[in-house]
Asks: 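What follows is a structure written as C-alpha cells; I'll ask about it next.
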Amino acid sequence: MAKAQHHLKDPTNKHSFFEDVWDVARQIPKGRVTSYGAIANYLGTKMSARMVGWAMGAAGNAKPKVPAHRVVNSVGLLSGKMHFGPHDEMQKRLEKEKIKIEKDKVVDFEKVFWDPAKELML
DNA sequence: TAACTGACTCGGC
DNA sequence: AGCCGAGCCAGTT
C-alpha cells in the first residue's frame with residue numbers, strides 16, 4: 001500500500017492531536033475549569049500536558065471558538081493568561097463566568113475543577 | 001533532517 | 001513552603 005497522503009492539507013481531514021484537545025476543551029461547562037494535565041490524561045497522553053497547552057495556543061484559529069480561558073495549570077494558576085493579550089482578558093472571562101480569581105489563581109479551584117476523565121467519562 | 005521549544009507536571013531539596 | 005531539574009510530545013524553524 002502506497003502512502004496516499006504526502007501533503008495532507010485538507011481542512012476537512014485535519015484530525016490532529018490539537019483537534020482532540022479542542023474538542024475536550026469545548027465541552028468544559030461554563031463556570032468550570034480544568035487543567036492541561038487533566039485533558040492530556042483524558043486523551044491518554046497524561047505525560048504530555050505540555051502539548052495541551054500548545055494546542056491552546058493554536059486554538060485561536062480553531063472554529064468554533066475554544067474556551068481556552070477555562071484551562072489552567074494543575075494548581076489553578078492562570079499560566080496562560082499572557083497569551084490572551086496584554087491585559088488580563090483571561091481573568092476577565094473567568095470572572096464573567098462567576099469564577100473568582102485571586103493573584104492569577106482560581107479560588108476554590110477544586111470546587112470548580114472539571115475532570116473530563118470523570119465528568120465526561122466516555 | 002535534526003534540534004529547539006513550550007499556556008505542564010511531578011518529585012526531591 | 002518555595003525553588004530546581006528532568007521527562008514528555010508534537011509542531012516549528
Side-chain angles (χ1 to χ4, degrees):
Chain A
M1 302 295 268
K3 298 177 188 174
Q5 301 164 328
H6 285 181
H7 50 68
L8 57 153
K9 270 301 189 185
D10 185 20
T12 63
N13 191 30
K14 58 174 182 178
H15 34 58
S16 56
F17 186 82
F18 285 26
E19 271 281 332
D20 293 335
V21 174
W22 297 339
D23 190 44
V24 175
R26 278 191 280 251
Q27 298 179 66
I28 303 173
K30 185 181 177 186
R32 296 292 189 107
V33 296
T34 191
S35 67
Y36 306 97
I39 295 177
N41 182 37
Y42 174 74
L43 293 178
T45 59
K46 57 182 179 182
M47 288 180 175
S48 34
R50 289 179 149 193
M51 284 280 72
V52 176
W54 217 297
M56 289 296 119
N61 297 327
K63 292 167 295 191
K65 254 288 190 178
V66 177
H69 60 281
R70 294 180 191 149
V71 184
V72 298
N73 70 0
S74 61
V75 298
L77 198 64
L78 279 58
S79 51
K81 64 175 240 170
M82 48 170 132
H83 288 265
F84 277 82
H87 312 293
D88 298 318
E89 186 175 332
M90 186 177 185
Q91 178 172 334
K92 290 179 182 176
R93 290 193 182 203
L94 288 172
E95 291 177 332
K96 201 170 184 177
E97 297 182 0
K98 304 295 184 284
I99 296 176
K100 306 192 73 175
I101 308 298
E102 192 170 311
K103 295 179 184 175
D104 297 338
K105 189 175 64 182
V106 176
V107 179
D108 294 329
F109 178 55
E110 296 184 4
K111 290 183 180 178
V112 297
F113 183 72
W114 181 82
D115 188 355
K118 292 182 179 179
E119 307 294 336
L120 199 51
M121 222 198 270
L122 294 177

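A note on names: the letters A, B, ... follow the listed sequences, proteins ahead of strands, and every chain is numbered from 1.
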Asks: For A:Met56, give me all partners under side-chain contact (heavy atoms from CB on, under 4.5 Å), at least two apart in sequence or on another chain.
Replies: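 For A:Met56, the residues satisfying side-chain contact (heavy atoms from CB on, under 4.5 Å) (neighbours in sequence not counted) are A:Val21, A:Trp22, A:Ala25, A:Tyr36, A:Val66, A:Ala68, A:Val71.
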Asks: Out of curiosity, does A:Leu120 fall in the hydrophobic cluster containing A:Phe17 (side-chain heavy atoms, cut-off under 4.5 Å, transitive links)?
Replies: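 A:Phe17 and A:Leu120: one cluster.
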Asks: Students often get this wrong, so: under 4.0 angstrom with heavy atoms, is A:Ala68 touching a base, only sugar-phosphate, or nothing?
Replies: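 Base, at least one base atom sits under 4.0 Å.
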Asks: Hydrophobic cluster membership, with links at side-chain heavy-atom distances under 4.5 Å among I/L/V/M/F/W/Y: are A:Trp54 and A:Ile28 in one?
Replies: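 Hydrophobic grouping puts A:Trp54 with A:Ile28.
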Asks: Just to be sure I understand the rule, does A:Gly37 reach a base, reach only the sugar-phosphate, or reach nothing, if contact means heavy atoms closer than 4.0 Å?
Replies: sugar-phosphate
Asks: Going hydrophobic residue to hydrophobic residue with side-chain gaps under 4.5 angstrom, can you get from A:Tyr42 over to A:Val33?
Replies: no
Asks: Taking only residues two or more places apart in sequence or in another chain, which ones pass salt bridge (charged side-chain N to carboxylate O under 4.0 Å, His left out) with A:Glu97?
Replies: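 Here the qualifying residues are A:Arg70.
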Asks: Tell me, please, which residues at least two apart from A:Phe113 pass ring pair (Phe, Tyr, Trp, His ring centres under 6.0 Å).
Replies: A:Phe109
Asks: Going 5' to 3' through nucleotides 6-13 of chain C, assign each nucleotide B (protein heavy atom under 4.0 Å from a base atom), S (under 4.0 Å only from sugar-phosphate atoms) or - (no protein heavy atom that close).
Replies: -BBBBS--
Asks: Short of 4.0 Å, heavy atom to strand atom, which residues of residues 73-85 of chain A count as contacting DNA chain B?
Replies: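 A:Asn73, A:Ser74, A:Ser79, A:Gly80, A:His83, A:Phe84, in order of number.
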Asks: Keeping to residues at least two apart or across chains, list the side chain to side chain donor-acceptor pair (under 3.5 Å) pairs with something in residues 108-121 of chain A.
Replies: none
Asks: Begin with the C-alpha distance, continue with both residues' side-chain angles, and end with the deciding distance and a verdict on side-chain contact (heavy atoms from CB on, under 4.5 Å) for A:Val75 and A:Lys105.
Replies: CA-CA 8 Å; A:Val75 298; A:Lys105 189 175 64 182; 5.6 Å; no
